[in-house]
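Chain letters run A, B, ... following the sequence lines, proteins first and then strands; every chain starts at 1.
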Number of protein chains: 2
Amino acid sequence: MSSKKTNIRTRIIEATWRLMEQRLGKSISMGDVAKTVGISRQAVYLHFASRTELMIATSNYVDEIKCLNERLNQFKTASSGIELLEACVDVWGNYIPEIYGLAKALLATRNTDEATAAAWNNNMGCLRDICRETIETLDAEGILAPEWSKEEAVEMFWTMISIHNWEQLTVECGWSTTQYIDRMKALLKLTFINRLHKP
Amino acid sequence: MSSKKTNIRTRIIEATWRLMEQRLGKSISMGDVAKTVGISRQAVYLHFASRTELMIATSNYVDEIKCLNERLNQFKTASSGIELLEACVDVWGNYIPEIYGLAKALLATRNTDEATAAAWNNNMGCLRDICRETIETLDAEGILAPEWSKEEAVEMFWTMISIHNWEQLTVECGWSTTQYIDRMKALLKLTFINRLHKP
DNA sequence: TTTTTTACTTGACATACTGTCAATAGTAAA
DNA sequence: TTTACTATTGACAGTATGTCAAGTAAAAAA
């Protein structure tokens with residue numbers, strides 16, 4: 001109601017997000033969040049009933065700030081399947097570094113907390129829809145490689161651009177974001193576009 | 001020393017492994033392990049100084065039982081790069097389901113426990129060596145796709161056959177193991193083998 | 001057979017986390 | 001001024017890990 005209530009809620013969420021980005025994957029306690037905001041641990045519970053609720057609120061907040069949907073819509077104007085595929089890797093590949101901390105935090109609780117898992121799966125479902133749109137456009141244009149069923153192609157596409165793969169290539173192997181994007185684009189085009197129909 | 005000591009140690013490790021497979025990813029307490037073996041929680045600490053030590057011992061035990069090294073050596077007799085690539089996906093793709101529980105348990109503690117992370121990375125390093133061998137054979141035969149540097153090819157190959165990708169395709173998307181193996185083989189061959197040199 | 005060692009037991013304790021509850025203090029709106 | 005809201009401290013139950021001490025039971029060594 002009051003703007004103050006919104007403020008403290010937002011401050012808690014932002015502190016949580018900041019901690020997620022700082023302590024990649026390491027679990028964050030309610031006490032840590034409270035200390036960062038400068039309030040008591042119990043005060044956090046006045047705004048969020050549980051750790052899970054706070055994490056989900058943080059996820060929703062980041063979604064809103066980072067406007068993934070908007071970014072995805074932006075390239076829906078792509079005029080061909082190949083352009084769609086490329087835009088998909090571009091947008092998503094540049095988006096991942098911005099949400100990496102959040103993603104690690106949510107993925108870390110995935111096995112023990114159904115609610116955060118659901119929140120995360122919802123995000124991944126959106127990505128999957130984009131993958132489906134891309135594959136369906138390729139198919140409609142008749143350039144989807146014939147060895148793939150549409151469903152299998154969507155699932156493989158979606159798996160290839162997962163955060164885990166981005167993490168392994170960039171964080172573990174030291175690839176740059178552009179290197180990741182270029183290689184991934186090439187791999188996906190080669191895999192899903194009918195070789196007979198290439199220019 | 002005595003066979004009894006070995007026995008109880010082994011019983012604890014086997015119980016831990018069983019729990020890992022049953023409770024995929026959900027964390028296992030020392031109390032759970034003790035109850036499963038039928039001894040007191042403190043007795044577990046007589047054999048393993050910490051939870052971490054128990055998990056690493058379990059990982060080593062499984063490695064020994066499942067003989068990944070032996071399996072990998074078995075196909076080192078492959079007579080060509082393409083055969084090596086296929087054998088790699090075959091062996092690894094059939095191996096993953098057998099160690100999925102262990103892998104999930106180790107990966108879950110990865111962010112908070114450096115020691116288990118190191119144990120897991122060691123396993124993954126072995127896999128990476130196999131990927132390197134495959135790519136180097138392809139390169140020596142002159143059929144590695146020219147757009148890939150050897151190092152990049154190894155890293156992408158290694159990433160493609162990661163457990164996360166297997167998990168997403170089989171557990172989440174419902175693919176069968178053979179479906180996974182066939183699709184992955186095709187994708188990897190298409191990606192890494194020079195298109196001009198195909199039969 | 002008696003002693004000693006080994007393996008294990010129970011119970012208590014320190015620490016750190018989540019989540020709840022009650023009593024209290026300060027502040028802003030009615 | 002009274003009321004409602006926000007936050008505070010402190011206590012508590014519950015669940016973990018990990019440590020410590022005292023005691024038991026059985027096998028190996030004397």
In whole angstrom, what separates [X]'s [atom1] from [N]'s [atom2]?
| X | N | atom1 | atom2 | answer |
| --- | --- | --- | --- | --- |
| A/R9 | D/dC5 | CZ | P | 17 Å |
| A/K26 | C/dA16 | NZ | P | 18 Å |
| B/N7 | C/dT6 | CG | C1' | 15 Å |
| B/E53 | D/dG18 | CD | P | 10 Å |
| B/L46 | D/dA21 | CG | P | 14 Å |
| B/K35 | D/dA16 | NZ | P | 9 Å |
| A/I8 | D/dT8 | CD1 | C1' | 13 Å |
| A/H47 | D/dC5 | NE2 | P | 13 Å |

**OP:** If a protein heavy atom is under 4.0 Å from the base, mark B; if only from the sugar-phosphate, S; if neither, -; do that for nucleotides 17-25 of chain C going 5' to 3'.
**Re:** SBBBB----
Is it true that [X] and [Y] make a salt bridge, defined as a side-chain N closer than 4.0 Å to a carboxylate O?
| X | Y | result |
| --- | --- | --- |
| A/R51 | A/D113 | no |
| B/R71 | B/E98 | yes |
| A/R183 | B/E147 | no |
| B/R110 | A/E172 | yes |

**OP:** Report yes if a side-chain nitrogen or oxygen of A/S40 is closer than 4.0 Å to either non-bridging phosphate oxygen (OP1 or OP2) of D/dA7; otherwise report no.
**Re:** no
**OP:** Output the distance between atom NZ (B/K185) and atom CD1 (B/I161), rounded to the nearest 0.5 Å.
**Re:**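 Taking NZ in B/K185 and CD1 in B/I161, the distance rounds to 12.5 Å.
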Original post:
Where does the angle between the aromatic ring planes of A/H164 and B/H164 fall among parallel (under 30°), tilted (30 to 60°) and perpendicular (over 60°)?
Top reply: parallel
